[in-house]
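Every heavy atom of this structure was used, including side-chain atoms; hydrogens, water molecules and symmetry mates were not.
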Amino acid sequence: MNKAVGSQWNATEMEEAARRHLLSPSEAMEKLGQSARPLLARGDGIYVIDAKGRRLIDGPAGMWCTQIGYNRHEIADAIAEQALRLAYNSPWYTTNSPSTELAARIAALTPGDLNRVFFTTDGSTAVDSALRFVEFYNNVLGSPEKKHIIVRREGYHGSTTLTAACSGRVGNWPNFDIVSDRISFISSPNIRLGGGKDEAAFLHFLVEEFRQEIARVGADKVAVFLAEPLLASGGVIIPPKGYHARFKAVCEEHDIVYISDEVVTGFGRCGEWFASEKVFGVIPDIITFAKGVTSGYVPLGGFAISEHLLDKVSGENARGSNYSNGYTYSGHPVSCAAALANIAVIEKDGILEHVRDISGYFAERLQGLADLPLVANVRASGLVGCVECLVDPSSPDVTDFDKRIGARIDAHCAELGLIVRPLGNMCVMSPALIITRDQIDDMIDILRQGIERAAAEIKRGELV
Ligand SMILES: Cc1ncc(COP(=O)(O)O)c(C=O)c1O
């Protein structure tokens, strides 16, 4: 293909270029170059419009990020204005107004004394930088042996070398070198895997397992507990009530930093700016964020950190240290201007209140799918939910066959006008936060038909 950048390619030419030149995330390498992913042309509210002009409900809101929906002029205008006013400044020796104002806004929205904000470019770098901060912190404090990170199976924290190693979705690991000497995994708080225990007994088991892992490694060596409030990519796993507060208490006993990874739950997904305290009852030491901070319009991530941690390694406690971690684009003025506009829209349109109002209906409609033969479990919190499909819903085991069901449901739903984000056997719904009741009805009606069609295929023996 030999066309000038910016020329108007038609959809066929565009797909041909994608097939030949793009290397995309999660690429099945045997099939590299054989086909291109569906080309999206535009977005509008909760919908995307594909290259053929078909309008589809964007079930996962991109990758759980387009909170206020597509095509909002407020954000586009803020991006254009800031790009013209000051497109870039080096955060290594200057600052800019949007990042300063955004840091202050986020400090006011986070719980406790999490009053200082470090900006990165996305969720992976947010978590990576937070982990590097704790590494720095313990070295400055003279505890270089305190480096171990405890995470959960089925958690997801990113794609840098360190955050990928902290991600317990082991299907992503093969053929990468995974740091393993200072990371350990404990159970996912998925009650379906709890061997029939009730919620209280399961919680007791999880807390005891955490304590045992700390004892095994040595409390003087464990630096961090890193956890999503709900395991998003792990299939919207909502922990037993009180889980996070109990884990935080154990962390406090052993001087372990508690990092809450709110890359998915932050900025309204669960009806609050941040879910840690208001939804899950915990004030962490560090909160990481990305995605919804700009509603996905431009990349931005970061972490908010508590003053009590910073006090121990700054000012007269700094011991000559320099926190020399950062990015060319830390606090990028255009991204931060987009985030400020995004926050303004969320406030002006009452989007958090809307999520709180409508989430019960969303959960009820999703739960209504439980009568379908393939549906083993349905769970939801705020505007994120998951329908887990198994050929044998009574079994806790997910077979290789089950893992192919999501893709079939997705294919049927795409024909009917809905993008599903299949995670193996799980259909995750996390639409734009502006979704209305009628649109929830449309989304769930299509999902029902998609599941019914996949079930019929299985019955006819067409899915092997
Ligand atoms: C909880 C969580 N943390 C971190 C990340 C990584 O974010 P990014 O893909 O923006 O690097 C993700 C991505 O889905 C996530 O779900």
Side-chain angles (χ1 to χ4, degrees), residues 5-8 39-51 53 55-58 60-91 94-109 117 119-123 125-126 263-264 266-269 272-274 289-302 304 327-355 383 430-436 439:
V5 172
S7 66
Q8 293 298 307
L39 183 63
L40 300 183
R42 289 189 300 115
D44 180 23
I46 69 155
Y47 302 94
V48 286
I49 291 95
D50 72 12
R55 199 175 168 83
L56 299 121
I57 298 173
D58 185 3
M63 281 189 76
W64 0 58
C65 57
T66 60
Q67 321 295 70
I68 67 166
Y70 297 97
N71 197 19
R72 290 296 295 241
H73 287 258
E74 297 93 324
I75 298 203
D77 291 347
I79 290 171
E81 275 166 31
Q82 186 58 45
L84 291 171
R85 186 177 306 124
L86 177 68
Y88 178 76
N89 70 290
S90 166
T94 59
T95 188
N96 63 62
S97 306
S99 69
T100 307
E101 192 180 332
L102 183 62
R105 293 302 309 267
I106 291 174
L109 302 175
V117 178
F119 288 114
T120 73
T121 49
D122 51 51
T125 52
V263 165
V264 168
F267 294 91
R269 179 60 54 201
E272 300 290 347
W273 290 108
F274 292 99
F289 61 85
K291 297 189 188 273
V293 65
T294 60
S295 279
Y297 278 66
V298 280
L300 181 66
Y327 304 95
T328 298
Y329 297 132
S330 285
H332 193 281
V334 176
S335 300
C336 293
L340 287 170
N342 181 48
I343 291 173
V345 170
I346 293 175
E347 281 172 344
K348 175 171 69 71
D349 292 0
I351 289 178
L352 300 185
E353 295 78 2
H354 172 69
V355 174
L383 276 181
S430 61
L433 307 182
I434 53 168
I435 194 164
T436 62
Q439 290 169 332

Check step by step if side-chain hydrogen bond (donor to acceptor under 3.5 Å, both in side chains) holds for Thr125 and Thr121. CA-CA 6 Å; Thr125 52; Thr121 49; 3.2 Å; yes
Contacts of type salt bridge (charged side-chain N to carboxylate O under 4.0 Å, His left out), residue Arg105, not counting sequence neighbours: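 Testing Arg105 for salt bridge (charged side-chain N to carboxylate O under 4.0 Å, His left out), a comparison that skips the adjacent residues, returns Glu347.
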For Arg55, give me all partners under salt bridge (charged side-chain N to carboxylate O under 4.0 Å, His left out), at least two apart in sequence or on another chain.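 Residues passing salt bridge (charged side-chain N to carboxylate O under 4.0 Å, His left out) with Arg55: Asp44.
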For the atom pair [atom1] ([X]) and [atom2] ([Y]), what is the distance rounded to the nearest 0.5 Å?
X: Asp58; Y: Tyr70; atom1: CG; atom2: OH; answer: 3.5 Å
X: Phe267; Y: Leu352; atom1: CZ; atom2: CG; answer: 10.0 Å
X: Gln67; Y: Ile346; atom1: CD; atom2: CD1; answer: 6.5 Å
X: Leu86; Y: Asn96; atom1: CG; atom2: CG; answer: 6.5 Å
X: Phe289; Y: Asp122; atom1: CZ; atom2: CG; answer: 11.5 Å
X: Ile68; Y: Ile351; atom1: CD1; atom2: CD1; answer: 6.0 Å

Stepwise, does the side chain to side chain contact (heavy atoms under 4.5 Å, CB included) test hold for Arg42 with Val48? CA-CA 6 Å; Arg42 289 189 300 115; Val48 286; over 6 Å; no
Should the ring pair Tyr88 and His332 be called parallel, tilted or perpendicular, given that the plane angle runs from 0 to 90° and is split at 30 and 60? tilted
When you look at Tyr47 and Leu56, which way does the side chain to side chain contact (heavy atoms under 4.5 Å, CB included) test go after all the steps? CA-CA 5 Å; Tyr47 302 94; Leu56 299 121; over 6 Å; no
At their closest point, which heavy atom of [X] faces which heavy atom of [Y], and how far apart are they?
X: Gly331; Y: Ser99; answer: O-CB, 3.6 Å
X: Ala61; Y: Pro431; answer: CB-C, 3.7 Å
X: Ala338; Y: Val298; answer: CB-CG2, 3.5 Å
X: Leu433; Y: Arg269; answer: CD2-NH1, 3.4 Å
X: Ala432; Y: Leu383; answer: O-CD1, 4.3 Å
X: Pro98; Y: Leu340; answer: O-CD1, 3.7 Å

Does the pair His73 and Asn71 meet the rule for a side chain to side chain contact (heavy atoms under 4.5 Å, CB included), with working shown? CA-CA 6 Å; His73 287 258; Asn71 197 19; 4.1 Å; yes
Could you tell me whether the side chain of [Y] reaches within less than 4.5 Å of the side chain of [X], counting heavy atoms only?
X: Leu102; Y: Ile343; answer: yes
X: His354; Y: Asp349; answer: no
X: Pro333; Y: Asn89; answer: yes

Working for side chain to side chain contact (heavy atoms under 4.5 Å, CB included), residues Leu300 and Cys336: CA-CA 8 Å; Leu300 181 66; Cys336 293; 4.3 Å; yes
Residue pair Asn342 / Ser295, side-chain donor-acceptor N/O under 3.5 Å: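 Indeed, the side chains of Asn342 and Ser295 share at least one donor-acceptor pair under 3.5 Å.
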Checking the side chain of [X] only, and the main-chain atoms of [Y] only, is there a donor and an acceptor separated by less than 3.5 Å?
X: Gln439; Y: Thr436; answer: yes
X: Tyr297; Y: Ser335; answer: no
X: Lys291; Y: Met63; answer: yes

Give a yes or no on whether Tyr327 atom OH has more than 12 heavy-atom contacts from other residues, nucleotides or ligands under 6.0 Å away.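 Yes - once you tally the heavy atoms of other residues, nucleotides and ligands closer than 6.0 Å, there are more than 12.
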Can you name the residues that form a ring pair (Phe, Tyr, Trp, His ring centres under 6.0 Å) with Phe119, not counting sequence neighbours?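 Applying ring pair (Phe, Tyr, Trp, His ring centres under 6.0 Å) to Phe119 gives none.
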